Every structure is written in structure tokens, then in C-alpha cells.
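Lettering follows sequence order; numbering is per chain, from 1. Quick note: numbers below take in every heavy atom, side chains included, and nothing from hydrogens, waters or symmetry partners. Source: prediction; values computed, not measured.
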Protein chains: 2
Amino acid sequence: MIDRTKTFDNLDGTDLEILEMIEADFDVSLETVAQKLDLSKSAVHYRVKKLKENGIIRGVTADVDPLALGLEMVAITDVSVSHEEGYSEDIGKKLMTVSGVGEVYYTMGDIDFVAISRVQTRDQLNDLIERIVAIDGINETSSKFVMEEFHDNQNVSGNLTQVGRELILDS
Amino acid sequence: MIDRTKTFDNLDGTDLEILEMIEADFDVSLETVAQKLDLSKSAVHYRVKKLKENGIIRGVTADVDPLALGLEMVAITDVSVSHEEGYSEDIGKKLMTVSGVGEVYYTMGDIDFVAISRVQTRDQLNDLIERIVAIDGINETSSKFVMEEFHDNQNVSGNLTQVGRELILDS
DNA sequence: AATGAAATCGACCAGCA
DNA sequence: TGCTGGTCGATTTCATT
């Protein structure tokens, strides 16, 4: 059995509950969290601080609505690369530097990268795809236009199965 | 010319700079932001509050590292649906209810949905795909396994082109 | 819309279980 | 090591311009 203790950094159920609450909404007051967990405010603060120090919380960020900035168009672009050229790491980073590209995934299979991009106008979309194609080592691209997207603020901690939760707590 | 005034809610350059800073890191102190913009702390606070009220900032959230919870596997699943069944909206929402599914995009083209999921084990991945296939109206799925992902905390406000910024400010 | 003062809340410290 | 209560400093709010 692989030792996963270090990975989970001895998270307990209380930590998980805190993570769920502040991943959904960091504006909950310490007091609200403390009351729900029957703890003092200091104790909650102390745990949050530790979660940040350990890198379990990577940061706290404002969630900006893309539509409010006119970013109405979302594209999902499949990218294949010519495998002689450099390392995937480099190409992934180069994709991220293209204005409008927000997420890049390096995948197994026929498609090598999947990039998710947001732009305001068709001109910007054209420009973005041109910039992607211009990257050294990129072979071919194929883009899908997004009509609607579904999200929530619970992607990580609040989206575990019961089994997944136990896997963390039992380590 | 379409009137985009309402969409951008009269954002000015100062608002954009604030958004860039707090989208990257909400832990910057009011004082730091105020100094960079030559404003009082209250003025910055007032603008942030307004940005929240107007929905431009949808919320403030803790960014939890999936790896810290053992969510080592990321899958991108292309889903096609049988078009007799209900509305896409319903299927998108149902996809989101599957434990592990974090983002869903409804797209134009041969593929109808793209789902991005995170799980800890192969068993969970199997289970997840079974749950997706079991949704009424879903025809076929095809999954890619993610080897590496690239992100930053500047997906929206900090990722605009110069032209994109002007489009907002000139409205 | 921005300011400064007053109230409230979060961050840190020393001591304790 | 993790928690408590108290203090200090930062943030939020409010009256005013």
C-alpha cells in the first residue's frame, strides 16, 4: 500500500468541512464557520492559515463573471502537435501565454492538448486561433464553439464521493 | 451599433485594475490596492462592494488544490446526446450532479457536451463514466485522460487583449 | 463617487489542555 | 499539536462632502 499520509497532510473531517464552506464562499464569516463546527473563531482561523501554508488552499480569488466583461464567446480547441518538437511542457506554457486562453490540458490519445478560451468578438477568436497555430510544433487544431456552460464553486472539496472523503480521512 | 453600456455596467480603468488584482489574489490588502491606484482604502472598498453587488464579481472563493485531496486523475469526456430527449439545459445540469464532474460545456458540432472531471482512483473514474452514460438521453461518450494541466488565476480580467480592454472602457 | 471616523470583524499572541 | 480568550490591526459601514 502506498503511503498517502503526506499527500493528504493529515486532513480531518473538520478541515474538509471548512474547505467546503470557504471554497463555495470565502465571505462566510469566521463566526459562522465556527458556530457550525462548534469551535472558536481562533481555531477556525488557525486551521485556515495552516491549510494555506500547506498549499491545500492555493489562494483566495475573486470570481469574475466573464460575461460582465463582454467575454461572450467560449471555444474549446483540440490541438495536436508534431512530436519531434520539444517537450509538451513548453507547448502547454506557450498556449497559456496566448491572450484569451484560460485553461490548457495535455492529454493522452490522438488529441494532445485541449485549450479553453474566452473572447469578446469573432475577430478576437480568429486572432486567437491564428496565434495558436503559429506556435512552433503545433500541427493541427479543431475548435468547438460553446453555447452554454455549467459550473459551480464546489469543484474540488464539495464534489467528492463518500468513498473519496473516506479515502482522505482514513490516511 | 449595439448598446453594450448595460453589459459592462460602466466599468472604468480603475475597476479593471482592481479586478485584475483581486482575481489573482484576494488576500492583497486594501491598502496595497489603494496605494497602487492612488485612492483611499474606503474608495477601493466601495468599488469592490459595488462590483459584487452588480454581479461582476460573482463571489470570493478559496482555491483548493485538487492534488492535495488526492484528486490525481482528470478526464475530459465528450458526450453526445440523442436529440429527441428534452432540453440541453436539463442534461447539462444532470451532468453537473455526477460526483466528480466539475465543468460542463454545451457545444455546437458533433459533440454535444464536454465534461471535465476529477477523481482519486480508477474505480471512481469507472463509476463516474457509468453514471454519465446512465443519464437519460445520453448516447455515447468518449474520454481523454489528462496528463498535465496549465492554469492561472487570471482567466478573466487579466487575460484580455488591449483591444478587449478598450472595448470595455469605451462603452 | 469619495472621504474620514466609528463599529465590526479577522489576525496574531501568549498561555493551556 | 491544536485550542482558547484577549488584543491589535484591518476591514466594513456610515454620515458627510
Length of the NZ-P vector between B:Lys41 and D:dT13, whole Å: 15 Å
No-hydrogen, no-angle side-chain donor-acceptor test under 3.5 Å, B:Glu23 and A:Thr61: no
Greater than 12 external heavy atoms within 6.0 Å of A:Arg131's CZ: no
Test item: B:Asn159 side-chain N/O and A:Gly100 main-chain N/O as donor-acceptor pair under 3.5 Å: yes
Side chain B:Asp63, main chain A:Val60, donor-acceptor under 3.5 Å: no
Rounded distance in Å - CG (A:Asp12) to C1' (D:dC3): 13 Å
Basic-acidic side-chain contact under 4.0 Å: A:Asp170, A:Arg165: no
Worked verdict on A:Ile22 versus A:Ile18 for side chain to side chain contact (heavy atoms under 4.5 Å, CB included): CA-CA 6 Å; A:Ile22 68 180; A:Ile18 292 174; 4.1 Å; yes
Five-pair end axes of the helix from C:dA1-D:dT17 to C:dA17-D:dT1 and the angle they enclose, rounded to 10°: 30°
Distance-only polar pair, side chains of A:Thr161 and B:Ser99, donor-acceptor under 3.5 Å: no
NZ/NE/NH1/NH2 to OD/OE distance under 4.0 Å, A:Glu149 and A:Arg118: yes
Over 12 non-hydrogen atoms of neighbours within 6.0 angstrom of CD in A:Glu140: no
DNA chain C contacts made by residues 42-54 of chain B, counting heavy atoms under 4.0 Å: B:Ser42, B:Ala43, B:Tyr46, B:Arg47, B:Lys50
Cluster link B:Val119 to B:Ile129, ILVMFWY, side chain under 4.5 Å: yes
DNA chain C-proximal residues of residues 21-37 of chain A, any heavy atom under 4.0 Å: A:Ser29, A:Leu30
